[in-house]
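Report on one structure; see the data block that follows.
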Number of protein chains: 2
Amino acid sequence: MTSTPKDVSHLVGTLDTGTDQPPPDRARPHVGRRAVISREDLMAAALQLVGPHRSISTLSLREIARAAGIAPNSFYRHFRDVDELAVTLINQAGEALRQIIGEARTRAVAERSVVQSSIEAFMEQLRADQKYLHLLLREGTVGSDAFKGAVERQLCFFEEELCTDLQRLAVQRDTGIYRPEVVSRAITRLVFAMGAKAMDQPEEAHPEIIEQLVTMVRMIIIGTQTMAARPARDD
Amino acid sequence: MTSTPKDVSHLVGTLDTGTDQPPPDRARPHVGRRAVISREDLMAAALQLVGPHRSISTLSLREIARAAGIAPNSFYRHFRDVDELAVTLINQAGEALRQIIGEARTRAVAERSVVQSSIEAFMEQLRADQKYLHLLLREGTVGSDAFKGAVERQLCFFEEELCTDLQRLAVQRDTGIYRPEVVSRAITRLVFAMGAKAMDQPEEAHPEIIEQLVTMVRMIIIGTQTMAARPARDD
DNA sequence: GGCGTTATTATACATATGTATATATATTAG
DNA sequence: CTAATATATATACATATGTATAATAACGCC
């Protein structure tokens, strides 16, 4: 509800999530009663219900319908069940977030530390209480298979984008990089894990978490560079 | 149910979790009807219900009572609510797991790679389908505050034990270590995050995940050692 | 106006849940 | 045996859920 910096709630429904209903058939402009509510309204209502104490997988159909101001049965006009809505939301959340982080990353390429900038953009989303992050951070481990799969897929997208970015930077700065796909996966999972931790803590604790996260990522980067230089084994 | 290697189910109820009921007052050996069921039986019944598609926070009181073969109301004789049972289970799971991992770690000190041994012990637990790991891996982000707090607390214990171990090893092998508390936190979170990912994948995928995890941890270790040697900044 | 079409709602039902209250059962002390 | 006591169950109630069926309402078109 609060429109804090980098608000992305206006993006709800504007992204093609690849999970759409049959096409609205634009040839025939209209026939029959007009829909008073849209898929996007329902998704927004559901999103509004999730929070620190409510996960999407525990939302009931009636609850969402109530929040959207429609009769329970009207839900079925838009989604087959709550799970389908949840998967669609996850996809949107992933796309929106990747866009934001991607922007932060490219914007920071010339400027300060790429690591620091990306992480701060991420945590800023956290602070702004964007529900999107809740979805990706805390709901990847519970819920239906379809749901968990959707979250995992989005995480993999993050990994892939980060991976190409890391390789590009490695070439550009002529630093070596050992197994970039493992590096990007480690960084992604670490950021999401620490983000989930941060979400359960008061905002005063965030700076320290950010600082630790930056240090962790630096260790991984230096590690991969060192391993690229000398392929020794050590522990 | 299956008693695979390193079965820890016999530990149910044998550990003091610090969440116990009022003392049974051993002075007076008994008075009144004997309890046909124990707290531990209830916990075992609940544990038996969790699995890849069921998280503990979604178990209902009646469901657990049914699985334990008692009337719903009898539940209250042992726990105030499901949440209290869940927290107790989390504590037991954490203690049991720390013991197993700790053994693997100390046992491996003289032998091969400490990193590899610990991670393999961890993943072996996963493979053996010990429900304990389910609790710690996938349920830390949803559920009541008490529940999430309990999981977080157990994770912190893991971090602390790993931290002292890392410092001991650093001294012993005369390798530097930069900010060991951050290192141990990164490793812990990474292992748990990758473990959660592995749990949703077929067993054939586990070896690759293990290999990646080992590489990730090596990167962190080499990173912290390198940073201890030269406190430069890089990215 | 009426008609087809679509969206929405009303009502209803079977089922599940947490828990309050009352009752039954087993056990020990006297 | 009886009383006391701890434990377990039976019954019941208010409430919530998913969804089936039927009715209602708005829209474009003839």
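Values in this document were obtained by computation on a predicted structure and should not be read as measured data. Letters go in sequence order (proteins before strands), and every chain restarts at 1. Note that these values count all heavy atoms, side chains included, but never hydrogens, waters or copies made by symmetry.
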Could you pull out the protein-nucleic contacts involving nucleotides 28-30 of chain D (nitrogen or oxygen on both sides, under 3.5 Å)?
unit_1, atom_1, unit_2, atom_2, d
D:dG28, OP1, A:R34, NH1, 3.0

- Item | Donor + acceptor pair across side chains of A:Q99, A:E95 (<3.5 Å) | no

- Query: Is the side chain of A:Q125 donor-acceptor paired with the backbone N or O of A:L97 at a distance under 3.5 Å, no angle test?
  - Reply: no

- Message: Looking only at the side chain of A:R33 (C-beta and beyond, no hydrogens), which of the listed nucleotides D:dT9, C:dT9, C:dT8 gets closest?
- Response: C:dT8

- Item | Gap between atoms CG and C1', on B:D81 and C:dT19 respectively (whole Å) | 12 Å

- B:R77 side chain N/O closer than 4.0 Å to the phosphate oxygens (OP1, OP2) of D:dT5? no

- Message: Check B:E152 with B:R189, please: is the shortest side-chain N to carboxylate O separation under 4.0 Å?
- Response: yes

- CG of B:N73 versus P of D:dC13: gap in Å, rounded? 15 Å

- Query: B:F75 CZ to C:dT17 P: how many Å, rounded?
  - Reply: 13 Å

- Task: Nearest whole angstrom, please: distance from the P of D:dA16 to the CG of A:L59.
- Result: 16 Å

- For DNA chain C, whose closest nucleotide is more 5', that of A:G69 or that of A:R62? A:G69

- Item | Between D:dT19 (C1') and A:I70 (CD1): distance, integer Å | 14 Å

- Is the closest side-chain donor-acceptor distance between B:S38 and B:D41 under 3.5 Å? yes

- Just checking, is any N or O donor in the side chain of A:R179 or B:T215 under 3.5 Å from an acceptor N or O on the other one? yes

- Describe the nucleic acid contact of B:S74 in one word from base, sugar-phosphate, nothing, applying a heavy-atom distance below 4.0 Å. base

- Are side-chain N/O atoms of B:Q154 and B:R98 paired as donor and acceptor at under 3.5 Å? yes

- Message: From the set C:dT17, D:dT19, C:dT9, return the single nucleotide nearest to any side-chain atom of B:E63.
- Response: C:dT17

- Could you state the atom-to-atom distance from CD1 of B:I64 to P of C:dG18 in whole Å? 8 Å

- Query: Does any pair with a residue in residues 51-74 of chain A pass ring pair (Phe, Tyr, Trp, His ring centres under 6.0 Å), and if so which ones, sequence neighbours excluded?
  - Reply: none

- Task: Look at B:R66 and C:dT17 and indicate whether a side-chain polar atom (N or O) is within less than 4.0 Å of OP1 or OP2.
- Result: yes

- Nearest listed nucleotide, side chain of A:L61, among D:dG18, D:dA8, C:dT6: D:dG18

- Item | Whole-Å gap separating C1' (C:dG18) and CG (B:D83) | 14 Å

- Rounded to whole angstrom units, what separation is found between the CG atom of A:D41 and the C1' atom of C:dT8? 14 Å

